[in-house]
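Right, one structure below, let's go through it.
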Amino acid sequence: MLNEAMERSLSKFMSKVLRHAPEEFGITLNPEDGSCPVSVLVEAANAQPKWTWVKQEHIEQVVRNSDKQRYALEDGRIRARYGHSHNKVHYAPGEPPAVLYHGTNQRALPSILKEGLYPMSRQYVHLSEGTHFATMAGSRRGELVILTIDVMRAKQASVTFYYAGNEVWLADHVPAVCCSILEMKKE
Ligand code: HQG
């Protein structure tokens, strides 16, 4: 068993490989879903001085305990479910609920209200069905702002939504007219 700190650290390593820089570890991810065999991820970990002892069971523990269900492990393959900066993973378009949420911060707000939501350094804008995920995302960079996204209005503006599972939705861009402020909190 990994302790909590080790689990978090291994999860960061897995994110680096599966979301951001697989080529740094000599890995090519499946271009469709961004997956690779778990055994390949274990080998890549073992090539790092910090992770020489990692076994598949440790990876499985991280997948199981991830608070935001960052990873999916199926048929011996593992992938990050969302958050990619490296490759544009394909998702099936889906039908979200009428309202979605996006967590951001005070500093980003003026520009978002002017030009809408852009993926910035990732491949997609990240949205959620509930405010819990949005709160976790938005709280990372200062004063939290939660935006509500009017899905009907976005669809009228030709926005396609993709489902990443676990209440997380993705989009290429969300126009400003679809975004309104739900809640602002001082930290
Ligand atoms: C902001 C993490 C200015 C956007 C999180 C966000 C989430 C703009 C930042 C997941 C903008 C991008 C994704 C615009 C968007 N002008 N700022 N036009 N459009 N932004 O990290 O959604 O823990 O790439 O509001 O918790 O924060 O790593 O995206 O603040 O779940 O699994 O630009 O990644 O999950 O930041 O986070 P990010 P995000 P993990």
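All ligand and atom numbering here is 1-based and tracks the order in the structure. As the structure is a prediction and not an experimental result, all values here were calculated from the model. We're numbering straight along the sequence, starting at 1.
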Can you name the atoms of ligand 1, numbered from 1 with element, that are less than 4.0 Å from a heavy atom of [X]?
X: Gly116; answer: 14 (C), 18 (N), 19 (N)
X: Arg141; answer: 6 (C), 9 (C), 12 (C), 21 (O), 27 (O), 30 (O), 36 (O), 38 (P)
X: Ala137; answer: 5 (C), 7 (C), 26 (O)
X: Glu115; answer: 14 (C), 16 (N), 18 (N)
X: Arg70; answer: 23 (O), 32 (O), 40 (P)

### Query
Just going by heavy-atom distances, which of Met136, Lys68, Arg140 is nearest to atom 26 (O) of ligand 1?
Lys68
Specify the protein heavy atom at minimum distance from [atom]: its residue, its atom name, and the distance to 0.1 Å.
atom: atom 19 (N) of ligand 1; answer: Tyr118 N, 3.0 Å
atom: atom 33 (O) of ligand 1; answer: Met120 CG, 3.2 Å
atom: atom 22 (O) of ligand 1; answer: His102 CE1, 3.5 Å
atom: atom 29 (O) of ligand 1; answer: Arg122 NE, 3.5 Å

### Query
Parallel, tilted or perpendicular: which describes the rings of Trp169 and Phe161, with under 30° parallel and over 60° perpendicular?
perpendicular
### Query
Do Arg122 side-chain atoms and Ser85 backbone N/O form a donor-acceptor pair below 3.5 Å?
no
### Task
For Arg81 and Gly165, indicate whether the former's side chain and the latter's backbone hold a donor-acceptor pair under 3.5 Å.
yes
### Message
Show, in sequence, the C-alpha distance, side-chain angles and deciding distance for Trp53 and His58, and conclude whether the ring pair (Phe, Tyr, Trp, His ring centres under 6.0 Å) test is met.
### Response
CA-CA 10 Å; Trp53 47 269; His58 300 120; 5.2 Å; yes
### Query
Does Phe133 have its ring centroid less than 6.0 Å away from the ring centroid of Tyr82?
yes
### Task
Kindly confirm or rule out a cation-pi arrangement of Lys88 over Tyr124, judged by NZ or CZ under 6.0 Å from the six-membered ring centre and within 45° of its axis?
yes
#### Entry: Residue part near ligand 1, for Arg19, under 4.0 Å between non-hydrogen atoms
side chain
### Task
Identify which one of Arg79, Glu74, Arg77 satisfies the side chain to side chain donor-acceptor pair (under 3.5 Å) criterion when paired with Ser35.
Arg77
### Message
Within the supplied structure, the quantity of interest is the number of heavy atoms (other residues, nucleotides, ligands) at a distance under 6.0 Å from Glu4 CD; does it exceed 12?
### Response
no
